[in-house]
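Here the structure comes first, spelled out in structure tokens, and everything after it is commentary.
Throughout, a chain's letter reflects where its sequence line sits, starting with A, and its residues are numbered from 1. Predicted model only: the values in this text are computed from it and were never measured.
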Number of protein chains: 2
Amino acid sequence: MALEHAILVSLLEKPGSGYELSRRFERSIGYFWTATHQQIYRVLKRMESDGWIDVRDVPQQARPDKKEYSVAALGRTVLSQWLHEPIEPESVRHELAVKIRGAAFDDPAALIREVERHRQAHTERLAHYLAGERRDFTGHEAPEAPDAGRELQHVVLRGGIAYERMTLDWLDDVLATLHRLAPQH
Amino acid sequence: MALEHAILVSLLEKPGSGYELSRRFERSIGYFWTATHQQIYRVLKRMESDGWIDVRDVPQQARPDKKEYSVAALGRTVLSQWLHEPIEPESVRHELAVKIRGAAFDDPAALIREVERHRQAHTERLAHYLAGERRDFTGHEAPEAPDAGRELQHVVLRGGIAYERMTLDWLDDVLATLHRLAPQH
DNA sequence: TCCTTCTATGCAACTCGTTGCATAGACAAG
DNA sequence: CTTGTCTATGCAACGAGTTGCATAGAAGGA
């Protein structure tokens, strides 16, 4: 399991409440690990009772009070241990690929609109990543004092960008194939 | 849920037993949807009792008897319905990306070996895909009578190949970044 | 005033997926 | 003749993840 670890990384990058974490899991770290707010609240509670993180009640005006979590010493140890353990290659769940192979037993042309929808979604995500890259990573780095966190966030973001570009190319390939199989469209 | 649908697609491509399906989920369709044999047996039982698939006892010599499953009419209907439903973009679980971001709070150099291990695994998987492509998709297609199933399996495989190539390039980028952050290595 | 939206937290029920274990026939190697 | 491997199926328990629902304060618009 790695949700705990994703939360530890996110809280190390910046302490925050369950609500704030669930927002981050819709942006930033959520591009590489998804979680709903229910999952996050439940896991935060367990992590806190296990002493991995500390809580602090933060009264707010103009909005409900919140609980701000930050990583405790034990949490850093746990994260460090996890970082030194080898992980298995990702187990893939590529629903669209299953659909494409399934289309052979139905109407391939009917998938065209669906694939175009995905293409659109990936175009938007790529634009979003590129905007984030321009915003956060276009300043000059001091070459003698690189900021490790910043560099590592950037290389992960470059991975997201490469993934979206590859996916767009592939979806074009899929669309060409579907059109070839259904020339009347 | 899509394991049912992945199984329907696989059984339409070729009927088979739970054991045979679990083998396919380690190759072929398993590159895009993973499942263990326990999951497969459990779901097969449910699908059969729901009338999506038919069973046939197949006595064998030199090995235990098996139950061969094939898709029933209802299963085809269910698959067709699913194919016409829009699906959400994949929810990502990229554990290595979480680790890379986490490395900022530990020793980035300690990740180098792990990333190299992943690079090795992806190199092997790419070679495996390319071998499969040479084996199954190097014959000439009759241009007037394309085999839809074959074409669609090929485009999905091309997606896997593109993914592995992109991943290898990105892992090289990650390794260069890690080395830059730990020049003593 | 009521309705909606945003922040903020949480429970309960359920399904999905993983892990460990068990059984059993046939064959091959030592 | 025992051990290991391959085919073949399955149970039980647990943990992870999803879905639906609930509460509540404050702000802003109709």
Side-chain angles (χ1 to χ4, degrees), chain A residues 1-8 11 15-27 29-30 32-50 53 55-69 82 87-95 98, chain B residues 1-7 10-11 15-27 29-30 32-50 53 55-69 82 87-95 98:
Chain A
M1 199 324 223
L3 176 55
E4 282 93 336
H5 305 115
I7 287 175
L8 286 173
L11 288 179
S17 67
Y19 186 78
E20 284 159 357
L21 279 171
S22 74
R23 305 303 307 276
R24 291 185 213 170
F25 274 81
E26 289 166 7
R27 306 175 285 101
I29 193 130
F32 315 106
W33 203 271
T34 55
T36 60
H37 79 271
Q38 289 88 344
Q39 239 185 304
I40 291 167
Y41 282 120
R42 196 199 294 151
V43 170
L44 279 175
K45 194 155 283 187
R46 186 172 65 227
M47 291 169 76
E48 200 254 315
S49 81
D50 289 349
I53 54 179
V55 203
R56 192 170 65 91
D57 277 312
V58 178
Q60 300 186 111
Q61 64 267 58
R63 55 180 63 179
D65 298 351
K66 66 176 180 178
K67 299 180 184 174
E68 194 181 78
Y69 292 93
W82 176 70
I87 50 176
E88 294 306 303
E90 324 287 324
S91 68
V92 186
R93 294 286 154 101
H94 203 318
E95 211 170 350
V98 177
Chain B
M1 211 300 236
L3 177 55
E4 281 93 335
H5 304 114
I7 288 176
S10 194
L11 288 180
S17 68
Y19 186 78
E20 283 160 358
L21 280 170
S22 76
R23 305 303 306 276
R24 292 185 212 169
F25 274 82
E26 288 166 8
R27 309 174 283 104
I29 194 131
F32 314 106
W33 203 271
T34 54
T36 61
H37 79 271
Q38 290 88 346
Q39 238 185 305
I40 290 167
Y41 282 119
R42 197 200 292 151
V43 170
L44 278 174
K45 195 155 280 186
R46 186 171 67 228
M47 290 168 78
E48 200 254 314
S49 80
D50 289 350
I53 54 179
V55 203
R56 192 169 65 91
D57 276 313
V58 178
Q60 301 186 112
Q61 65 269 57
R63 55 181 63 176
D65 299 350
K66 66 175 180 178
K67 299 181 184 173
E68 194 183 77
Y69 292 93
W82 176 69
I87 51 177
E88 295 305 304
E90 325 285 325
S91 69
V92 187
R93 293 286 154 98
H94 203 320
E95 210 170 351
V98 177

TODO: Mind running a 4.0 Å heavy-atom check of residues 40-47 of chain A against DNA chain C and sending the residues that fall below it, in number order?
DONE: A:Tyr41, A:Arg42, A:Lys45
Open item on the list: Please pick, from D:dT19, C:dT19, C:dG10, the nucleotide with the shortest atom-to-atom distance to any side-chain atom of B:Thr36.
Closed with: C:dT19
Open item on the list: Measuring to OP1 and OP2 of D:dT9, would you say a side-chain N or O of B:Tyr19 lies under 4.0 angstrom away?
Closed with: no
Open item on the list: The criterion is side-chain contact (heavy atoms from CB on, under 4.5 Å); which residues satisfy it with A:Glu4, sequence neighbours excluded?
Closed with: A:Met1, A:Val43, A:Arg46, A:Met47, A:Trp52
Open item on the list: Which nucleotide wins on minimum distance to the side chain of B:Gln39, given the candidates C:dT18, D:dA8, C:dC6?
Closed with: C:dT18
Task: Phosphate OP1/OP2 of D:dT9 contacted by B:Ser17 side-chain N/O (<4.0 Å) - done: yes
Task: Residue A:Arg93, side-chain heavy atoms: nucleotide from D:dG17, D:dT7, C:dG17 that is nearest - done: C:dG17
Task: Under 3.5 Å donor-acceptor pair, A:Gln38 side-chain atoms to D:dG20 base atoms - done: yes
Open item on the list: I want to confirm an ordering. Mapping B:Tyr69 and B:Arg23 to their closest nucleotides on DNA chain D, which one lands closer to the 5' end?
Closed with: B:Arg23
Open item on the list: Is A:Gln60 close enough to C:dA8 that one of its side-chain N or O atoms is under 4.0 Å from OP1 or OP2 there?
Closed with: yes
- [ ] For A:Pro64 and for B:Pro64, locate the closest nucleotide of DNA chain C by heavy-atom distance; then report the residue assigned to the nucleotide nearer the 5' terminus.
- [x] A:Pro64
Task: Per B:Lys66 side chain, nearest of listed nucleotides C:dC21, C:dG17, D:dA8 - done: D:dA8
Open item on the list: Restricting to side-chain hydrogen bond (donor to acceptor under 3.5 Å, both in side chains), what partner residues turn up for B:Glu68, sequence neighbours left out?
Closed with: B:Arg56
